[in-house]
Structures are given as C-alpha cells and as structure tokens.
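Comments concern the structure below.
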Amino acid sequence: MNKPKILIARAIFPEVIARLAQHFDVETNQTDEVWTPSQLVARLQDKQGVFAMGTERIDASVLSQCPSLKICANMTVGYNNFDLDAMTAAGVLGTNAPDVLTETTADFGFGLLMATARRMAEGEHYLRAGKWTKWRYDMLVGSDIHGSTLGILGMGRIGQGIARRGALGFGMKVIYHNRSRLDAKTEVQCQASYVSKEELLKSSDHLVLVIPYSAQTHHVIGAAELAMMKPSATLINIARGGIVDDAALAVALRNKTIAAAGLDVFEGEPKVHPDLLTVPNVVLTPHIASATTPTRLAMANLAADNLIAYFTHKKPLTPLNPVVLSSL
Ligand code: DGY
C-alpha cells in the first residue's frame, strides 16, 4: 500500500525524519529554506500532511490550492500561523505541541526577567566595551526580583510555571489577569491573585506576557497601557510578536515611561523594529524560550506523534479543531 505523503517544511532532527519515514513518503527541507507562500503551495499540493514549524501560514488560499491536505501538525504550542476557521471549513485538522515546552519556557521567561531587571546584558556590553574602570555605588543599578510584585498576563500552563517560580522561589507577590479566572485550587498552587487588567498594569513591578496572539490580542500592550505601568517596571514578552506595539514600546523605553523590557518575540520577526535596537534598556533574544535540545526534540516528536496517530487511527494527541475528526 502507498504511504501517505507528507512535507516537513523546515529542517528538523534527523531521528524525527527517520521516525516519520517509517510511516510516510517524506519530502524534507534540511537546507532550511524559508519558502514564500507559493513555494510552500508548490510542495504541498500533492501532500496529505505537513509537519510545520509554526512559521508556515496555512490559510484559505493555501487550502484551496492543496485539496489533498488532511492535517497540519505544528511542532510549536503557538498556532497563529493557522487560520483555524478556514482549516475547519476545509476539513483539515490542525495540531500543536503543548505541555512538552512548559517548564523550559517558564525557566527562560524567568531568566529573561532577571537579566532585564538586573541589567545583565547592559552590564556585559559595558564591560566588553571597556567602560568598566572602577566600581561605583550606582553603576548599573536595577530593580529587585525577590519580594516584588510579579504580574502575569495570560495564566495558561506557561504563565502558571512562571507564577510558581516567582512565588515559591523568590517570595514574589503574584497577580494575574486572564480571559477566565483560574479555579481556587490552581490559584493556591501558584499563590496567585486574580486582578483586572488595569490593576495588573498599575501594580506590577515586573509584568510577563504569556497570552496567545490573535486579532483580539493584537497590540494589547500599546502606548496607553505602557503609560499605566510604573516608571520602575519591567516588561517581558515571551509570547508572540504583535501582542506589544513595538514602536510604542521603543518610545516608552527611551522616555523611561517604564524602566526596561526583555523581548524574545517581535512584530514581523525575524525583523526587529529598528528603534528597539538603539535603546539600551531592552534585552533582545531571538525567539529561543523553548530552545533546549530535549524540549525541542519532545516538541518535534509530539508533532510526529500527531501525524502518525492521525493516519493510523484518527486519534491525534493534541487536536486544535477536533470537530474535523467527528466527520471522518
Ligand atoms: C511555541 O512553541 O509557540 C514557541 O513560541 C516556539 O515557537
């Protein structure tokens, strides 16, 4: 029997390709070219499945040109590259890769918070530039983490991981805002109190963004929200570009509306707003919050599991639009 054909859209671990090749006729992209939408379509037209990296846009236009496509499996937890409504209408399943990256990403979010609030990157640049000639009482003073108020916008699995690190590890007071309030047991586990978005902005010493990107969350943090924050506050974005208005943030950092920011994600990445590159009080990292080898391997294997499960028994592990499965 012919194996189903799948496209692995970007470079990935050879052992994951080997696993997939046992089940599928696989086309790979180990040179890691970043294709335009029409280059993607050209390769996807005869495929039943795609292993995606979270960067390949799957929308009505792509779907209409790829009628054999049945499943798009992201190896990322974020899936803003999928137009899920269009996929559901076309009977195409989407899957993502939740859970396996939670703790690794929370570690990084907390690390970025510490690097930003304690000005570690600025200090490193200062030293490398030969500017360190003497110890001064006010050299690169930052703000404390321990005992401060940690605000979290978006209290899913990663937000909860950051809350636990802050409350249990650093004695922080944790407040959060989320679409829906957590149940009482989870609030106790995270030692987190629910507040309005306005209260979160006004009271946080350090605000970490962990909400998914959508049309509703576009520029959720813009000039007005930044103006509500404390001048001493730190803002951390490990969620998605576009949640923060990067141009407004650069202005706020330059004017010291807030003290500092740590950003792992950017609007239009891998491009970075040029004004962010010229302000000193921001730590910039290239979307690496989940980047440890065991975690990236677990993410890739979960995407592979979803593809294999879909084609063997139609029971993928982490479906995003399971309604598609009921009509099979
Ligand atoms: C995710 O899994 O969504 C991470 O942001 C990596 O893209």
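Order of appearance sets the numbers: ligands from 1, and atoms from 1 within every ligand.
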Protein contact to atom 2 (O) of ligand 1 [nearest heavy atom, distance to 0.1 Å]: V77 N, 2.7 Å

Within reach of ligand 1, part of M75 (heavy-atom separation under 4.0 Å): neither

Part of T105 with heavy atoms under 4.0 Å of ligand 1, whether side chain, backbone, both or neither: neither

Electrostatic pair R19-E15, nearest N-O below 4.0 angstrom: no

Ligand 1 atoms in contact with M299 (distance to a heavy atom under 4.0 Å): 2 (O)

Pair D25 + K47, salt bridge at N-O below 4.0 Å: no

contact_flag H287 ligand 1 heavy-atom lt 4.0 Å: yes

Min N/O separation L101 to ligand 1 under 3.5 Å: no

Donor on one side chain, acceptor on other, E267 and H273, under 3.5 Å: no

Ring centres under 6.0 angstrom apart (Y194, H177): yes

Under 3.5 Å side-chain donor-acceptor pair for T217 and R240: no

G78 neighbourhood, listing ligand 1 atoms whose heavy-atom distance to it stays under 4.0 Å: 1 (C), 2 (O), 3 (O)

T186 and D183: side chain donor to acceptor below 3.5 Å: yes

Sub-3.5 Å N/O-N/O distance, R240 and ligand 1: yes

